[in-house]
Amino acid sequence: MRTSSRHLFWVVLLFSTAVVAQSRPAVWGETATTKIRPDAEPGSPAALRLVAARNEFVSFQVGLHGGRAGLTGVRASLTALEGPSRIAGGHITLYQETFLDITQRSTPDSEPGRWPDGLVPDVDETVGEKRQAFPFDVPASEARAIWVDVLVPMDAPPGHYKGTVQVTANDGYRSKVEVHLTIVDALMPSTASLKTAFLLWPPHVCRAYTGSPECSEQTQVPLLRMFHRMALEHRISLASAFPRLPGQATWSLPDWETFAANWGAFLDGTAPLRLPGARMTSWQYLGPATLESLARFQEEARQRGWLSRAFDYVGDEPPYGISFEAVEQRATLSRQGAPEVSTLLTSTVTDLEAHNLVGLIDSLVVLVNYMDGTQPPYVGPQLERYTDFLSLPHRELWMYQSCMSHGCVANEWAPENQPGQGWPSYMIDRPATKARALEWVSFLSGATGELYYQTVGMLSTAWTNQFRFNGNGDGTLFYPGTPSSIGGTTAVPLPSIRLKLIRLGIQDYEWLKAVSDAGDPEFARRVARGLIPTAWRVPDDGAAFDEARLCLIQRYLELTGAKNVEAGLSSRCSR
């Protein structure tokens, strides 16, 4: 009897301790590749341990749970990371994560309700104004989160750095999350090695900031310049983000001196960015389909050193968006007027060959579902089918993801999206890993560029509704940071969590490329394939992405003989 009573005593004590713990507010550190929803349980109080190169962004989250009573007046700060040098100021940005209330799910296993995505900064990274990230409240029995970006300075000495995120709330509440950062002896390039052409339609920006889809060039220029800056600091290029006058779908012949004055710094890599020297990797011809305009565009691009990054988008997804005959006509015109400007088409090599277009297309952008697919004729890896195309001069293979990752038609979802796996996707109500995955798949598929059809499609309603093409967030990666919504006096663009995750994927691509260039491409491919066995089996586990990245970093340091090989990196990497 005594033994049973003693056992019962410990059971009751443990249960009571757990209940008390759950009733108290909690603060914890969380990695970036997890979405903290209102019903999240408190995480581990252990310190966060991060690894990064110089000039690399490292991101993490601070989770908060209100406990039984909730928290009011929450504020947070990360003053600096101290080590061989000091990382502070504009190298650290804190955001409050906001929720989008989702009523129509993107996939059958997506749960309706509130999902984190919009980021309100403490001090915005564009003009440096104080905004309304803090204070905020955490309701009883609910969770909230803070997103933290740290940009490692280019001149930061390798070594171990430490900082503390201090969290306070009303009634004297205080808590903290310790952050340990190991900076390795490597430098990430400011300009991404993976080319990108993320598109932006200026009337959507006009509507979000002025209430009308038509606004003057004087209004568009400062807004679009801020979008370019934010994009480049997320390692993507907004290839079409240049003013269109009211009612114009294309340019007239621009005043090239004015164009260079407004946009040349982003193409030249001289804009004042936190990534020094970052420049656009692509820019789109937006003029009329005439020989004269094409020829002038080519000559201006050549004289200004921008020609190698110029492209003419000669058609989108034929035969649905345009006929193959129309693609042939437009590509032929482009060849005649601007033969040195790359022609770009979203299609497959199978269709190019069937319609005799191989000689007219330079950059072929292939849907991820057709590069490593599940449906005939694109079952399994398709890279070998592109060998002959890529052997031709100036040919490139790009990739893109679309509504086919979740299902373009209502109630006709992609069956591959089972729990624990699924296609790369930029939808808000999909696991965070899905937005970080396409760059890994691009590496495995031999692609050197990524296209995205739109970034501001529902910018004007981004805070309340982004349901488009049967998915939440399809074609919208930014939020409108108007003073009425975030405070301050200057309207700015704001990032989404998905934009941050895409940047993580692009940085992952840099590590894959770095290991390959340093002499072990097979290791890079093995790590990537171990993480993502096929394009439609992207795991939900964010820790798996972090572990794979650490394996790449460790191997790169070994290959280059750099310091910090024993700096607490992954112990589960096999060679």
Exercise for the section: Might you point out which heavy atoms bring H65 and W28 nearest each other, and give the distance in Å? Expected result: N-CZ3, 3.7 Å
If you measure only the distance, is there a donor-acceptor pair under 3.5 Å linking the side chains of [X] and [Y]?
X	Y	answer
T343	D312	no
T346	D316	yes
W423	E416	yes
S237	S282	no
E317	Y453	no
T476	R468	no
Y378	T348	yes

Problem - Among K35, R37, R105, salt bridge (charged side-chain N to carboxylate O under 4.0 Å, His left out) partner for E111 - result: R37
Would you say [X] and [Y] make side-chain contact, with heavy atoms under 4.5 Å?
X	Y	result
S110	M427	no
Y479	D117	yes
F324	S347	yes
P38	F99	yes
M280	L232	yes
I497	W115	no
L499	F478	yes
F198	E450	yes

Tell me whether [X] is salt-bridged to [Y], with the criterion being a basic N under 4.0 Å from an acidic carboxylate O.
X	Y	value
R503	D149	yes
R114	E142	yes
D122	R131	no
D109	R430	yes

Practice task
Scan for salt bridge (Lys or Arg N to Asp or Glu O under 4.0 Å) pairs involving residues 531-540, sequence neighbours excluded, and state none if there are none.
Solution key: K434-D540
Practice task
Describe, in one word, how the ring planes of H204 and W201 are oriented to each other, choosing from parallel (under 30°), tilted (30 to 60°) and perpendicular (over 60°).
Solution key: perpendicular
Exercise for the section: Evaluate the side chain to side chain contact (heavy atoms under 4.5 Å, CB included) criterion for residues Q220 and V205: first the C-alpha distance (whole Å), next the side-chain angles of each, then the deciding distance (0.1 Å), finally the verdict. Expected result: CA-CA 8 Å; Q220 291 185 48; V205 174; over 6 Å; no
Do any N or O atoms from the side chain of [X] and from the backbone of [Y] form a donor-acceptor pair under 3.5 angstrom?
X	Y	answer
H234	M230	yes
T98	G118	yes
S496	L477	yes

Practice task
Quickly, which of D474, D429, N417 forms a side chain to side chain donor-acceptor pair (under 3.5 Å) with S106? Name it, please.
Solution key: D429
Exercise for the section: Drop me the distance from I506's CD1 to L438's CG, to the nearest 0.5 angstrom. Expected result: 9.5 Å
Fill in the blank from the handout: When rounded to the nearest 0.5 Å, the distance separating CG of N465 from OG of S460 is 9.5 Å
For residues 484-492, tabulate all N or O donor-acceptor pairs below 3.5 Å that involve a side-chain atom, not counting sequence neighbours.
| residue | atom | partner | partner atom | Å |
| --- | --- | --- | --- | --- |
| S484 | OG | T482 | OG1 | 3.2 |
| S485 | OG | P480 | O | 3.4 |
| S485 | OG | T482 | N | 3.2 |
| S485 | OG | T482 | O | 2.9 |
| S485 | OG | T482 | OG1 | 3.0 |
| T489 | OG1 | E129 | OE1 | 3.3 |
| T489 | OG1 | E129 | OE2 | 2.9 |
| T490 | OG1 | E129 | OE2 | 2.5 |

Problem - Contacts of F443 that satisfy ring-ring contact (aromatic ring centres under 6.0 Å, His included) - sequence neighbours left out - result: none
